[in-house]
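Since this is a predicted model, take the numbers as computed values, not measurements. Quick note on labels: first sequence line is chain A, next is B, and so on, each numbered from 1.
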Amino acid sequence: MPEGHTVHRTAREFNARLAGRNITVDSPQGRFLAEANLIDGHTLVRARAIGKQLFLEFDNALTCRIHLGIYGKWRFENHAGDVARDGQVRARFYSEDFLADLRGPTVCEVIDRRAVKQVEARLGPDPINPDPKAKAQAIFIARVQASKTPIGQLLMNQDVVSGIGNVYRAELLFRAGISPHRPGNSLTVDELTALWLDAVELMRVGVRTGFMITRDELFTRRPAKADRNFVYKREGLPCRVCGTNISIEIMATRKLYWCVGCQT
DNA sequence: TACTCATGAGCAA
DNA sequence: TGCTCCTGAGTAG
């Protein structure tokens, strides 16, 4: 389930269970074997996330960069021995009592510090870990206002903001009452400030709960999937606020859900 | 069993 | 804009 909040949770898991240890790195599927050998047996210094990208930093100055893409998945086990071998495991990271299996990622590669810097330089600010906070918000606002592209597309562009995917894009725009078709340069500083701060809040709820809950009254509960959101995957159903049927269309090759009544 | 769809993104034309 | 990478869940028959 790879929007940014999931990746931050994964980084947290790696830091809690594998950081500071010598870990074995393997590739049961074989495709990652040559690169796995570069870090196999080394100590994981720390894991960190920027948007949808996970960086596993090792004590030999190499970093494993992982991007799940649309299919990628992690499976964690509390023991290393006798684990299920089902599916195509691209990469396996384990110590004596914890194991992480990676399947179907878009990217899984071992790179040096220079290459890490290049990736970082390309990425937009991450609402979950804005560092420093005020500057991240300003960069986001500046990048949106510099473009005529519809805001519905800009929110999915990882150069503009890191970690937002199709669910958060739809829900953030609904909560802000902003039409996804409005060009970036038509949005005011106030509108974009509110959008950014809402992204910070929603994605932190996502990190805390593990779910993309976007209805305030459900933040502290564990709602069923069908109840979590305002517009995502609710096409044809009445809007929870105004009753207008939720619309669906394709924007930048992805399904966009929105309410014509609430989002102007 | 076969088919469709998915919370991404790079690349060619 | 369309193709491709790649895996698994859900659904139709």
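- Rounded to a whole Å, the CZ atom of A/Arg254 is 16 Å from the C1' atom of C/dT1.
- Here B/dA6 is the nucleotide among B/dA6, C/dG8, B/dG8 with the atom lying nearest to any side-chain atom of A/Tyr232.
- Between A/Tyr168 and B/dT7, a side-chain N or O to OP1/OP2 separation shorter than 4.0 Å is absent.
- The distance from the CG atom of A/Leu54 to the SG atom of A/Cys108 is 9.5 Å, given to the nearest 0.5 Å.
- Distance OG1/A/Thr43 to CD/A/Glu57: 13.5 Å, rounded to 0.5 Å.
- Residue A/Arg75 contributes atom CZ, which lies 11 Å from atom C1' of C/dG8 at whole-angstrom precision.
- In this structure, A/Leu68 atom CG and C/dG8 atom C1' are separated by 14 Å, rounded to whole Å.
- Counting only distance, with no hydrogens or angles, the side chain of A/Asn157 and the backbone of A/Asp159 share a donor-acceptor pair below 3.5 Å.
- Within 4.0 Å (heavy atoms only), A/Arg122 reaches sugar-phosphate atoms of the nucleic acid but no base atom.
- OP1 or OP2 of B/dG8 lies within a sub-4.0 Å distance of a side-chain N or O belonging to A/Lys52.
- As a whole-Å value, the separation of A/Gln88 CD from C/dG8 C1' is 12 Å.
- If you measure from atom CD1 of A/Ile70 to atom C1' of C/dC3, you get 14 Å, rounded to the nearest angstrom.
- The side-chain tip of A/Arg48 points at the ring of A/Phe55 from less than 6.0 angstrom away and within 45° of straight on.
- Closest to the side chain of A/Glu3, out of B/dA9, B/dT7, C/dT7, is B/dT7.
- A/Asn15 and A/Arg12 share no donor-acceptor pair across their side chains, judged by distance under 3.5 Å alone.
- For the contact set between residues 150-163 of chain A and DNA chain B, defined by any heavy atom under 4.0 Å, the members are A/Met156, A/Gln158.
- Atom CD1 of A/Ile250 and atom P of B/dA6 are 8 Å apart (whole Å).
- Within the structure, ring pair (Phe, Tyr, Trp, His ring centres under 6.0 Å) contacts touching residues 19-51 of chain A (residues at least two apart or in different chains) do not occur.
- Comparing C/dC5 with B/dA13, their P atoms are spaced 15 Å from each other, to the whole Å.
- For A/His67 and B/dG8, the shortest distance from a side-chain N or O to OP1 or OP2 is not below 4.0 Å.
- Summarising the geometry, the separation between NZ on A/Lys73 and C1' on C/dG10 is reported as 12 Å, rounded to the nearest angstrom.
- At C/dT7, none of the side-chain N or O atoms of A/Arg31 fall inside 4.0 Å of OP1 or OP2 (strictly under the cut-off).
- Using a 4.0 Å heavy-atom cutoff across all strands shown, A/Arg169 reaches no nucleic acid atom at all.
- Phosphate proximity of B/dA6 to A/Lys255: present, with a side-chain N or O under 4.0 Å from OP1 or OP2.
- Taking atom P on both C/dT11 and B/dT7, the two are 16 Å apart, rounded to the nearest angstrom.
- At a threshold of 4.0 angstrom between heavy atoms, the contacts of A/Glu171 with the nucleic acid are absent.
- Regarding A/His5, its NE2 atom lies at a distance of 11 Å from the P atom of B/dG8, rounded to whole Å.
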- Evaluate the side chain to side chain donor-acceptor pair (under 3.5 Å) criterion for residues A/Ser95 and A/Asp97: first the C-alpha distance (whole Å), next the side-chain angles of each, then the deciding distance (0.1 Å), finally the verdict. CA-CA 6 Å; A/Ser95 64; A/Asp97 61 355; 3.3 Å; yes
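- For residues 224-264 of chain A, every residue pair satisfying the ring pair (Phe, Tyr, Trp, His ring centres under 6.0 Å) rule, not counting sequence neighbours, is listed here: A/Phe174-A/Phe230, A/His181-A/Trp258, A/Tyr232-A/Tyr257.
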